[in-house]
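In what follows, a single structure is set out as structure tokens and then discussed.
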Amino acid sequence: MILVTGGAGFIGSNFVLDWLAGSDEPVLNLDKLTYAGNLNNLVSLEGDARHVFVQGDICDGAAVLALLNEHRPRAILHFAAESHVDRSIHGPGEFINTNINGTFALLEAARSYWSALDADAKAAFRFLHVSTDEVYGSLGPHDAPFSETTAYAPNSPYSASKAASDHLVRAYHHTYGMPTLTTNCSNNYGPYHFPEKLIPLIIANALAGKALPIYGDGMQVRDWLFVSDHCAAIRKVLADGTPGEVYNVGGWNEMANLHVVHTLCDMLDRAAPKQGSYRDQIRYVTDRPGHDRRYAIDAGKLERELGWKPAETFESGIAKTVQWYLSNQAWVADVQSGAYQSWVQRNYANREEGK
Ligand code: NAD
Ligand code: TYD
């Protein structure tokens, strides 16, 4: 079996669902169920013996080691993290705890388990660390996209904590010989995306008749990747990646935020028409402190060496995404109850309009 950490979050749950749709190899899913973890994402697996869910914290090294010794996975796929830049600005502590200390605890448990395996199992074992393009910092408009050799220059507490975790993973390969793999991916979007991130927030707010907040001038650029393409890339790297290597994953879809928001408004104008256009709900608000201007990924290594490239274009992926949110408004309503409201208050109440 494989161990997935953070398998109740956005990308992790998509990964678990896609994995079990294509394989009968069981998944041990370790997730703390923070605000971002949601077992409703996995409801289709209820009663499926191939999915074993354990609520637990990656920071608890003894508990993780006990799980490893009990279930004896051949690989660990490490998704668990605090993942939202704005939350890292309001409260970096949890990012340091989970992303750095948690990854360290997980690596230590993995090292202990892996060291005791027999030679064949040891060579076949993999620790795949899921990371972000944000560790590379911010690009100017004409800079070449990030490659695997771009120097690290993280700018937010989130990206700094992910950068630290990447370095730890690298060190465990170089020092102990543990067969690690690291993937650095661009912005994902798709089903089960928590509506604190741009795309699901815009869809949910648009449909609720609320303001569509654009930070700053909205000309910040991100590369967007449909989540199932990311999951396919991870499966590919797990199967064929070279231990110790890093692989950048991207969608070849660089786009300014304003363009993304306009696209969503135009799609909703067609799919869920209302009086006027959803574009009328756009509001420019105070920018994010330290806001990275541009991310862009060169995913050429993954294509050249392992033959992966994204199956979806932005147009096809975003159409599926909008359709999913229109068909799953109960899922959105459920995650928006409770603590979500205090987050919205905390992040948006003090942002002045027109800034
Ligand atoms: P998410 O915030 O949606 O989910 C994170 C999951 O981890 C949740 O289920 C949460 O309960 C769990 N978790 C948090 N702390 C934990 C702990 N201490 N122990 C166990 N579980 C814990 O995040 P996501 O968007 O699915 O991102 C998954 C991974 O991919 C992260 O490592 C993130 O840095 C990386 N990544 C995300 C994106 C993106 O666009 N979302 C892009 C590139 C890389
Ligand atoms: P986000 O989805 O938080 O991802 P990240 O910060 O990891 O790239 O944000 C994507 C972009 O959208 C980023 O440039 C910030 C911007 N943004 C807004 O303009 N308004 C919002 O309300 C949010 C949440 C993000």
Side-chain angles (χ1 to χ4, degrees), residues 4-16 29-39 41-42 54-60 63-64 77-89 94-95 97-99 101-103 105-106 129-135 138 155-156 158-159 161-162 165-166 183-190 192-202 205 211-225 227 230 234 248-250 255-258 260-261 282-288 291-295 297 335 343-344 347-348 351:
V4 167
T5 71
F10 163 47
I11 303 174
S13 61
N14 275 283
F15 181 84
V16 170
N29 183 350
L30 173 64
D31 196 295
K32 185 177 172 181
L33 295 182
T34 68
Y35 79 93
N38 186 352
L39 286 178
N41 302 4
L42 299 164
V54 175
Q55 184 171 7
D57 190 337
I58 56 164
C59 298
D60 185 348
V64 174
L77 291 97
H78 178 33
F79 294 86
E82 289 292 333
S83 69
H84 187 32
V85 173
D86 290 319
R87 285 188 193 252
S88 83
I89 294 167
E94 211 42 57
F95 288 71
N97 192 37
T98 285
N99 299 358
N101 296 331
T103 300
L106 185 67
H129 176 58
V130 180
S131 191
T132 167
D133 61 355
E134 303 194 23
V135 297
S138 186
N155 290 319
S156 72
Y158 164 65
S159 55
S161 67
K162 291 296 290 188
S165 67
D166 293 8
T183 54
N184 292 88
C185 188
S186 59
N187 287 56
N188 285 218
Y189 65 97
Y192 306 113
H193 203 181
F194 194 80
E196 65 184 355
K197 307 277 172 72
L198 181 70
I199 287 179
L201 180 95
I202 294 297
N205 280 16
L212 310 181
I214 308 278
Y215 295 168
D217 64 1
M219 295 313 288
Q220 303 82 7
V221 170
R222 298 291 182 264
D223 172 74
W224 294 96
L225 179 69
V227 63
H230 187 193
I234 290 170
N248 281 355
V249 189
M255 227 166 275
N257 293 338
L258 197 54
V260 171
V261 174
I282 291 176
R283 298 289 179 271
Y284 290 88
V285 300
T286 313
D287 207 353
R288 170 189 282 173
H291 198 169
D292 284 340
R293 195 68 183 166
R294 174 176 167 237
Y295 303 142
I297 277 268
V335 297
W343 163 251
V344 170
N347 193 41
Y348 293 99
R351 287 183 192 273

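Heavy-atom basis, side chains included; hydrogens, waters and symmetry copies ignored. Just so it is clear, the structure is predicted and the values come from calculations on it, not from any experiment. Counting starts at 1 for both ligands and their atoms, following the listed order.
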| message | C185 versus ligand 1: do any nitrogen or oxygen atoms come within less than 3.5 Å of each other? | response | no

| query | Out of V227, I11, I199, whose heavy atom is nearest to atom 26 (O) of ligand 1? | reply | I11

| Ligand-side contact atoms (ligand 1) for residue partner V130, heavy atom cut-off under 4.0 Å | 30 (O), 32 (O)

| query | With a 4.0 Å heavy-atom cut-off (strictly under), which part of N99 contacts ligand 1: side chain, backbone, both or neither? | reply | neither

| query | Which is closest to atom 18 (N) of ligand 1 in terms of heavy atoms, D57, L39, N14, L225? | reply | D57

| query | Are E196 and R87 ion-paired here, with the side-chain N under 4.0 Å from a carboxylate O? | reply | yes

| task | May I ask you to decide if G250's main-chain N or O and S186's side chain share a donor-acceptor pair within less than 3.5 Å? | result | no

| request: Distance to 0.1 Å, residue and atom name: give those for the protein heavy atom nearest to atom 5 (C) of ligand 1. | output: A81 O, 3.4 Å

| message | Looking at W224, is its backbone amide N or carbonyl O close enough to the side chain of N187 to form a donor-acceptor pair, meaning the two atoms are under 3.5 Å apart? | response | no

| query | Backbone N or O of Q55 within a donor-acceptor pair of the D31 side chain at under 3.5 Å? | reply | no

| query | Is the Y348 ring parallel, tilted or perpendicular to the Y215 ring (thresholds 30°, 60°)? | reply | tilted

| Whether D287 side chain and D217 backbone form a donor-acceptor pair below 3.5 Å | no

| query | When only distance counts, is E82 in polar contact with ligand 1, meaning an N/O pair under 3.5 Å? | reply | no

| message | Any nitrogen or oxygen of K32, side chain or backbone, less than 3.5 Å from one on ligand 1? | response | yes

| Ligand-side contact atoms (ligand 1) for residue partner L33, heavy atom cut-off under 4.0 Å | 11 (O)

| task | Measure from the side-chain N and O atoms of R293 to the backbone N and O of S138, and report whether any donor-acceptor pair falls under 3.5 Å. | result | no

| field | Min side-chain heavy-atom separation W343-H84 under 4.5 Å | value | yes

| request: Applying side-chain contact (heavy atoms from CB on, under 4.5 Å), name anything that partners S159, two or more places apart in sequence or on another chain. | output: E134, P154, S156

| note | Of F15, Y35, F79, the one whose closest heavy atom lies nearest atom 31 (C) of ligand 1 is F79

| request: Tell me which part of Y158 gets within contact of ligand 1: side chain, backbone, both or neither, using heavy atoms under 4.0 Å. | output: side chain

| Within the distance-only criterion (no hydrogens, no angle test), does the side chain of T5 pair as donor or acceptor with the backbone N or O of F79 below 3.5 angstrom? | yes

| Between N188 and N14, do the side chains contain an N or O donor and an N or O acceptor separated by less than 3.5 Å? | no

| field | Taking atom 25 (O) of ligand 1 as the reference point, the nearest protein heavy atom with its distance | value | F10 CD2, 3.7 Å

| message | Quick check on contacts: which atoms of ligand 1 are under 4.0 angstrom from a heavy atom of T34? | response | 10 (C), 11 (O), 14 (C), 15 (N)

| note | A student checking ligand 1 against G56 at a 4.0 Å heavy-atom cut-off should list atoms 19 (N), 20 (C)

| said: Show me which atoms of ligand 1 lie under 4.0 Å from any heavy atom of S131. | reply: 43 (C), 44 (C)

| task | Quick one: look at K162 and ligand 1, take heavy-atom pairs under 4.0 Å, and tell me if it's side chain, backbone, both or neither. | result | side chain

| request: Using modelled atom types only, decide if a donor and an acceptor are shared between the side chain of S13 and the backbone of L42 within a distance under 3.5 Å. | output: no

As a test of reading the model: which N/O atoms of the protein lie under 3.5 Å from N/O atoms of ligand 2, and at what distance?
{"from": "ligand 2", "atom 1": "2 (O)", "to": "L198", "atom 2": "N", "distance (Å)": "2.9"}
{"from": "ligand 2", "atom 1": "3 (O)", "to": "R288", "atom 2": "NH2", "distance (Å)": "3.1"}
{"from": "ligand 2", "atom 1": "4 (O)", "to": "N187", "atom 2": "ND2", "distance (Å)": "3.3"}
{"from": "ligand 2", "atom 1": "6 (O)", "to": "R288", "atom 2": "NH1", "distance (Å)": "2.5"}
{"from": "ligand 2", "atom 1": "6 (O)", "to": "R288", "atom 2": "NH2", "distance (Å)": "3.2"}
{"from": "ligand 2", "atom 1": "7 (O)", "to": "E134", "atom 2": "OE2", "distance (Å)": "2.5"}
{"from": "ligand 2", "atom 1": "8 (O)", "to": "N187", "atom 2": "ND2", "distance (Å)": "2.9"}
{"from": "ligand 2", "atom 1": "8 (O)", "to": "R222", "atom 2": "NE", "distance (Å)": "2.8"}
{"from": "ligand 2", "atom 1": "12 (O)", "to": "N257", "atom 2": "ND2", "distance (Å)": "3.3"}
{"from": "ligand 2", "atom 1": "14 (O)", "to": "R222", "atom 2": "NH2", "distance (Å)": "3.1"}
{"from": "ligand 2", "atom 1": "14 (O)", "to": "N257", "atom 2": "ND2", "distance (Å)": "2.8"}
{"from": "ligand 2", "atom 1": "14 (O)", "to": "H291", "atom 2": "NE2", "distance (Å)": "2.7"}
{"from": "ligand 2", "atom 1": "19 (O)", "to": "Y215", "atom 2": "N", "distance (Å)": "2.9"}
{"from": "ligand 2", "atom 1": "20 (N)", "to": "P213", "atom 2": "O", "distance (Å)": "2.9"}
{"from": "ligand 2", "atom 1": "22 (O)", "to": "Y348", "atom 2": "OH", "distance (Å)": "2.6"}

| Between Q220 and R294, is there a donor-acceptor pair closer than 3.5 Å when you use the side chain of the first and the backbone of the second? | no

| message | Judged on heavy-atom distance to atom 23 (O) of ligand 1, which of G250, G9, S83 sits nearest? | response | S83

| So which heavy atom on R288 is nearest to which on R222, and how close? | NH1-NH2, 4.2 Å

| query | Hey, does the side chain of S161 reach the backbone of Y158 with a donor-acceptor pair shorter than 3.5 angstrom? | reply | yes

| task | Identify which of T98, T5, V64, D31 has a heavy atom lying nearest to atom 11 (O) of ligand 1. | result | D31

| field | Distance filter under 4.0 Å to T132 heavy atoms, resulting ligand 1 atoms | value | 43 (C), 44 (C)

| said: Please determine whether a side-chain nitrogen of the Lys or Arg among D133 and K162 lies less than 4.0 Å from a carboxylate oxygen of the Asp or Glu. | reply: no

| query | Which ligand 1 atoms, with their elements, are less than 4.0 angstrom from a heavy-atom of N187? | reply | 40 (O)

| query | Taking heavy atoms and a distance under 4.0 Å, where does S186 meet ligand 1: side chain, backbone, both or neither? | reply | backbone

| Distance, nearest 0.5 Å, that separates CG of D223 from CE of M255 | 8.5 Å

| said: Could you identify the single nearest non-hydrogen protein atom to atom 19 (N) of ligand 1 and state the distance to 0.1 Å? | reply: I58 N, 3.0 Å

| query | Which protein heavy atom lies closest to atom 40 (O) of ligand 1, and at what distance to 0.1 Å? | reply | N188 N, 2.9 Å

